[in-house]
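The structure appears right after this line, and notes come after that.
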Amino acid sequence: MALTAVKGFNDILPDEAARWRHIEQTARRVFEQYGFGEIRVPVMEKTELFCRSIGDATDIVEKEMYTFVDKGENSVTLRPEGTAGVMRAFIEHKLYAQDPVARLYYMGPMFRYERPQKGRYRQFHQIGAELTGVTDPLADAQVLTMLTLFFREIGLQEPTLQINSLGCPDCRPAYRAALRVYLEERLGLLCEDCKRRYDTNPLRALDCKVPGCAEATSAAPSVLEHLCTGCDEHFGLVRHYLELSGTDYRINSRMVRGLDYYTRTTFEMVTGLLGSQSAVAAGGRYDGLISQLGGPALPGIGFAMGVERVALLLGSQDFSTTPDLFIATMGQGERELAFTLMDGLLKGGFRVEMDYEGKSLKSQMRRADKLKANYSVVIGGNEVAAGSASFKRMADGSTTGVPLTVSAIQTFLSGALR
RNA sequence: GUGGCUAUGGUGAAGCGGUUAACACAUACGACUGUGACUCGUACAUACGAGGGUUCAAAUCCCUCUAGCCACCCCA
């Protein structure tokens, strides 16, 4: 293989691209129904944006970013996630001045320098949505019901919603401290990673997969019991609204986020079908982010879903389209007529194919079959003489005689295809 | 960054030191003389990830490299 794609960067071939389009179109339809508008932001931003939003000490910033210095000596990086850029644009263009309640969605490639594995690539794609300016739990519920509806519309039962609250800058430090106290007594039982986490990010120890750690932390204090009054009420109302809307969810008080900007509500759509990549979509509230990036003190909440992962869940469902009609021909003169008919039908909105190279009738019919054409027609001397031909429905072989004019065929096809 | 596994044609794969690299699918053309799906025939890897080495002889053994996959870390 002389030249190949960069490691972790994949080609999306036509059959799979069709599945992706289905995902994207469903997202657009559902999100726009909820009043979200698309925003398109660059795939590259100043490095500082991500350091400030995602968090300097975060794995993403520490070791996973595609960062380099451009010819103007600016440090730039390929976006590892979408929220930061969208919020930067929201602030830069003062969208909040028009309406602090912005509902934005985006889709596109993200880049993270990690070892590729199932459902995880260096260039991957996310579809995300952000809602700003609303502190009320109604916003949380709205975003969650929208996400749930998306999965229902796409035809997936599997991912289930898990929610949690991480508290706010008022109550989280206290919880952290309480957790540290608990962990300190059991440091000896923890794996090496968790010992390290004890210092850097004790919450991470809660979702460690090492059996010993799971056991050691089984009785650990729960965030939910350490929420301040405001956060507790907020979380209670989120749950209340979810119940009002009949949205299924599970509380997972051990759910942790990888980005620093999250506050209060966090959530994931999880599945057991993707190996170790259980999160298909994830997000949460980020009430401090906008002001942290130099904007007004507005709250926000949003999520992102991994398109590759959703596509994997959709499996091999076929979303490709098939021709309405295949025209087979017998001779050169007939090919001209066929071309004219095909051209007219294509301009009329039908999907039509014919043979390109004057192959045998047998070959042409095989091709019609392979392309899964709904109808086929053979045009030879007899048909030209008669001015009509029999159109064969490939599924059952039944035929119908139709005059060989664009309008007659159009009428026939519209009725036949319904 | 760490670990495990795997690398044979368009695809799935046989092959485990010895003349022409099974078989299947896919593809192309044809048998069925102007009509597909079934059946049948023919064609289709000077080539076994790359580079070295061992040997009279290697796709088959050894080494190095590269790539892919899966897992850890972390994450969508």
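Below, chain A is the first sequence line, B the second, and so on; all start at residue 1.
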| field | Within-4.5 Å side-chain heavy-atom neighbours: A:Leu345 and A:Gln410 | value | yes
| task | Find out whether A:Thr83 and A:Glu130 are in side-chain contact, i.e. whether some heavy atom of one side chain is under 4.5 Å from a heavy atom of the other. | result | yes
Touch check for [X], heavy atoms < 4.0 angstrom, all strands: base, sugar-phosphate only, or nothing?
{"X": "A:Ala281", "value": "sugar-phosphate"}
{"X": "A:Ile127", "value": "nothing"}
{"X": "A:Ala328", "value": "nothing"}
{"X": "A:Gly397", "value": "base"}
{"X": "A:Glu64", "value": "sugar-phosphate"}
{"X": "A:Val378", "value": "base"}
{"X": "A:Gly283", "value": "nothing"}

| remark: Residues pairing under ring pair (Phe, Tyr, Trp, His ring centres under 6.0 Å) where one sits in residues 339-376 of chain A, two or more places apart or in two chains, turn out to be A:Tyr375-A:Phe412
| task | Sorted by first residue and then second, give each ring pair (Phe, Tyr, Trp, His ring centres under 6.0 Å) pair with at least one member in residues 132-156 of chain A; sequence neighbours left out. | result | none
| If pairs are Watson-Crick or G-U with both distances under 3.5 Å, what is the dot-bracket string of RNA chain B, marking crossing pairs with [ ] and pairs to another strand with |? | ((((((((.[[[..)..(....]]].(((((.......))))).....[[[[[..)....]]]]])))))))....
| request: In whole angstrom, give the distance that lies between atom CD of A:Glu268 and atom P of B:rC75. | output: 9 Å
| How close or far is atom C1' of B:rG36 from atom CD of A:Glu353, stated in whole angstroms? | 15 Å
| Nucleic acid contacts - residues 381-394 of chain A versus RNA chain B, non-hydrogen atoms under 4.0 Å | A:Gly381, A:Asn382, A:Glu383, A:Lys392, A:Met394
| Residue met sooner reading RNA chain B from 5', once A:Ser376 and A:Lys362 are mapped to nucleotides | A:Lys362
Please measure how far the [atom1] atom in [N] lies from the corresponding atom in [M], and state the result in whole Å.
{"N": "B:rA28", "M": "B:rA71", "atom1": "C1'", "answer": "43 Å"}
{"N": "B:rA76", "M": "B:rG15", "atom1": "C1'", "answer": "43 Å"}
{"N": "B:rG36", "M": "B:rG30", "atom1": "P", "answer": "13 Å"}
{"N": "B:rU46", "M": "B:rG1", "atom1": "C1'", "answer": "43 Å"}
{"N": "B:rU2", "M": "B:rC25", "atom1": "P", "answer": "45 Å"}
{"N": "B:rA57", "M": "B:rG18", "atom1": "P", "answer": "14 Å"}
{"N": "B:rC65", "M": "B:rA22", "atom1": "P", "answer": "33 Å"}
{"N": "B:rA7", "M": "B:rA14", "atom1": "C1'", "answer": "16 Å"}

| Taking only residues two or more places apart in sequence or in another chain, which ones pass side-chain contact (heavy atoms from CB on, under 4.5 Å) with A:Ala89? | A:Ile39, A:Val41, A:His93
| field | Candidates B:rC70, B:rC75, B:rU35 - which lies nearest the side chain of A:Gln117 | value | B:rC70
| request: Measure from the side chain of A:Lys7, starting at C-beta and using heavy atoms only, and say which of B:rG3, B:rG68, B:rA31 lies closest. | output: B:rG68
With sequence neighbours excluded, residues passing salt bridge (charged side-chain N to carboxylate O under 4.0 Å, His left out) with [X]:
{"X": "A:Arg254", "result": "none"}
{"X": "A:Lys359", "result": "A:Glu357"}
{"X": "A:Glu24", "result": "none"}
{"X": "A:Arg180", "result": "none"}

| remark: Per-nucleotide protein contact along nucleotides 24-29 of chain B, 5' to 3', at a 4.0 Å heavy-atom cut-off (B base, S sugar-phosphate only, - neither), is ---SSB
| query | In terms of side-chain geometry, is the basic nitrogen of A:Asp15 or A:Arg19 positioned less than 4.0 Å from the acidic oxygen of its partner? | reply | no
| message | Which residues pass the ring pair (Phe, Tyr, Trp, His ring centres under 6.0 Å) test with A:Tyr262, not counting sequence neighbours? | response | none
| request: Could I get the full list of ring pair (Phe, Tyr, Trp, His ring centres under 6.0 Å) partners for A:Phe303, not counting sequence neighbours? | output: A:Phe31
| Ring centres under 6.0 angstrom apart (A:Tyr105, A:Phe36) | no
| query | Per the atom types in the model, does the base of B:rC75 pair as donor or acceptor with the side chain of A:Arg309 at under 3.5 Å? | reply | yes
